Amino acid sequence: MKKICIPLLCLLSTGAVNAQTSDWSASLTAGVNYLFVQNPSRVLSTNFPYTTTAAPGTQHFNGSLQGGYHSQVPMIDLPGLDIAYRRLDFTLGVGLNQDLNNDYAWYVHTGASYAFPFRWVTLKPGINLTYFAARREKMGSIDNRGQTISMFGINSGDYFTETYTYDDGDGNSYSYDQDYNTDHLDVNYSTHSLDLGPQLDVVFPSIGRFALSAQAGWLLPVYQQSALRFVQVSNDDGVTTNNLKSVTLPDNGSFGGPFAGIHLNIFLGHFKATKS
């Protein structure tokens with residue numbers, strides 16, 4: 001199975017280091033990083049043969065992604081949670097990246113760091129683990145009305161069936177099947193990845209509950225996969241869809257490189273774990 005590398009990054013900065021009255025503390029953190037991609041993915045085009053019951057012989061699909069990939073990718077860390085135990089920090093959050101066109105895709109990040117407090121700053125070297133959820137970009141579509149499309153051993157019929165379950169309010173559950181006529185078959189490009197990398201946070205002195213931190217590091221792709229995904233779209237204005245199998249694609253660039261950004265940390269307070 002081929003792999004692709006598309007990256008991203010961002011770990012959360014940790015809360016400001018204060019004189020602690022207990023071992024545990026919690027903070028919220030959010031910010032923006034920029035990833036400087038060393039080997040950006042290229043805009044893909046694809047061509048593959050397919051057959052249809054509506055016409056003899058072999059047909060050919062031609063499609064491509066619209067727009068382009070960015071060499072400088074903004075990453076927006078939405079407010080996440082930072083838990084500190086003495087000098088150890090553990091973070092968890094979600095964010096949005098913009099590696100293709102102006103569309104955003106989700107990612108989930110977590111990490112750990114260790115604080116070295118100095119007079120004017122606190123240094124927090126650590127690691128982060130980021131999963132970039134699969135995003136789909138449409139490359140084109142094939143007319144699927146009243147015919148069966150076949151490609152890569154995958155068949156897309158002229159209808160598909162969805163199963164629904166409902167509760168009658170008295171604790172009884174029922175299920176039923178609903179058939180939908182297929183209008184067209186979407187051909188989408190999809191990619192997802194898992195990245196691991198070092199990072200360093202420089203946390204400046206806090207003002208009340210607020211502290212700014214600068215963040216820098218390097219994003220190293222661990223695993224990424226891209227694929228063509230086929231989706232049946234019904235004739236009810238595309239409200240109902242049905243995912244078919246996917247076809248793995250070769251590598252397309254590498255989503256890795258240095259990153260830097262700034263974060264805002266909001267200290268929530270100390271808490272203490274007590275033994276029963």
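What you see is a predicted model; the values in this text were computed from it and never measured. Heads up: numbering here begins at 1 and tracks the sequence.
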Quick check: closest heavy atoms across [X] and [Y], and the distance to 0.1 Å?
X	Y	value
Thr165	Ser175	OG1-CB, 3.7 Å
Phe90	Ala112	CD2-CB, 4.1 Å
Pro49	Thr58	CB-CG2, 3.5 Å
Asp167	Ser173	OD2-OG, 4.2 Å
Pro56	Gln59	O-NE2, 3.3 Å
Asp195	Pro221	OD1-CA, 3.1 Å

Q: State yes or no: do Val202 and Phe210 share one hydrophobic cluster built from I, L, V, M, F, W and Y residues joined by side-chain heavy-atom distances below 4.5 Å, directly or via other members?
A: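 Same hydrophobic cluster.
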
Q) Side-chain heavy atoms under 4.5 angstrom apart, residues restricted to Ile, Leu, Val, Met, Phe, Trp, Tyr: same cluster for Val222 and Tyr131? A)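 Cluster IDs for Val222 and Tyr131 match.
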
Q. Do Thr161 and Asp177 meet the criterion of a side-chain donor-acceptor pair at a distance under 3.5 Å?
A.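 No pair is found: no donor N or O on one side chain lies under 3.5 Å from an acceptor on the other.
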
Q) Is there a donor-acceptor pair closer than 3.5 Å between any side-chain N or O of Thr52 and the backbone N or O of Ala54? A)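 A pair under 3.5 Å: yes.
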
**Q.** Asn265 side-chain N/O to Ala211 backbone N/O, donor-acceptor pair under 3.5 Å
**A.**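 Present.
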
When the ring planes of [X] and [Y] are compared, do they come out parallel, tilted or perpendicular, using 30° and 60° as the limits?
X	Y	value
Tyr85	Trp24	tilted
His270	Phe267	perpendicular
Tyr223	His192	tilted

Looking only at the aromatic ring of each residue, does the gap between the centers of [Y] and [X] stay below 6.0 angstrom?
X	Y	answer
Phe48	Phe152	yes
Tyr164	Tyr166	no
Tyr50	Phe61	no

Hey, does [Y] have a side-chain heavy atom less than 4.5 Å from the side chain of [X]?
X	Y	answer
Leu264	Leu212	yes
Phe160	Asn181	no
Val231	Asn188	yes
Leu228	Thr46	yes
Asn62	Asn47	yes

Nearest 0.5 Å, what's the [atom1]-[atom2] distance between [X] and [Y]?
X	Y	atom1	atom2	answer
Leu28	Ile266	CG	CD1	6.0 Å
Leu244	Phe230	CG	CZ	8.5 Å
Leu96	Ile76	CG	CD1	6.0 Å
Lys124	Ser213	NZ	OG	8.0 Å
Gln147	Ser156	CD	OG	9.0 Å
Leu123	Phe116	CG	CZ	8.5 Å

Q: List the steps and the verdict of salt bridge (charged side-chain N to carboxylate O under 4.0 Å, His left out) for Arg145 and Asp158.
A: CA-CA 6 Å; Arg145 292 171 293 182; Asp158 58 358; over 6 Å; no

Q. Take atom NZ in Lys245; do more than 12 heavy atoms of anything else shown fall under 6.0 Å from it?
A.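 No, NZ of Lys245 has 12 or fewer neighbouring heavy atoms, counting only those of other groups under 6.0 Å.
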
Q: With Asn128 as reference, evaluate Gln215, His109, Gln199 under the side-chain hydrogen bond (donor to acceptor under 3.5 Å, both in side chains) test and give the passing residue.
A: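 Of all the options given, the one that passes is Gln199.
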
Q: For a side-chain hydrogen bond (donor to acceptor under 3.5 Å, both in side chains) with Tyr107, tell me which candidate from Thr130, Asn97, Asp77 qualifies.
A: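 Running side-chain hydrogen bond (donor to acceptor under 3.5 Å, both in side chains) over Thr130, Asn97, Asp77 with Tyr107 returns exactly one hit, Asp77.
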
Q | Evaluation steps, side-chain hydrogen bond (donor to acceptor under 3.5 Å, both in side chains), between Asn155 and Ser150 | A | CA-CA 5 Å; Asn155 296 320; Ser150 300; 2.6 Å; yes

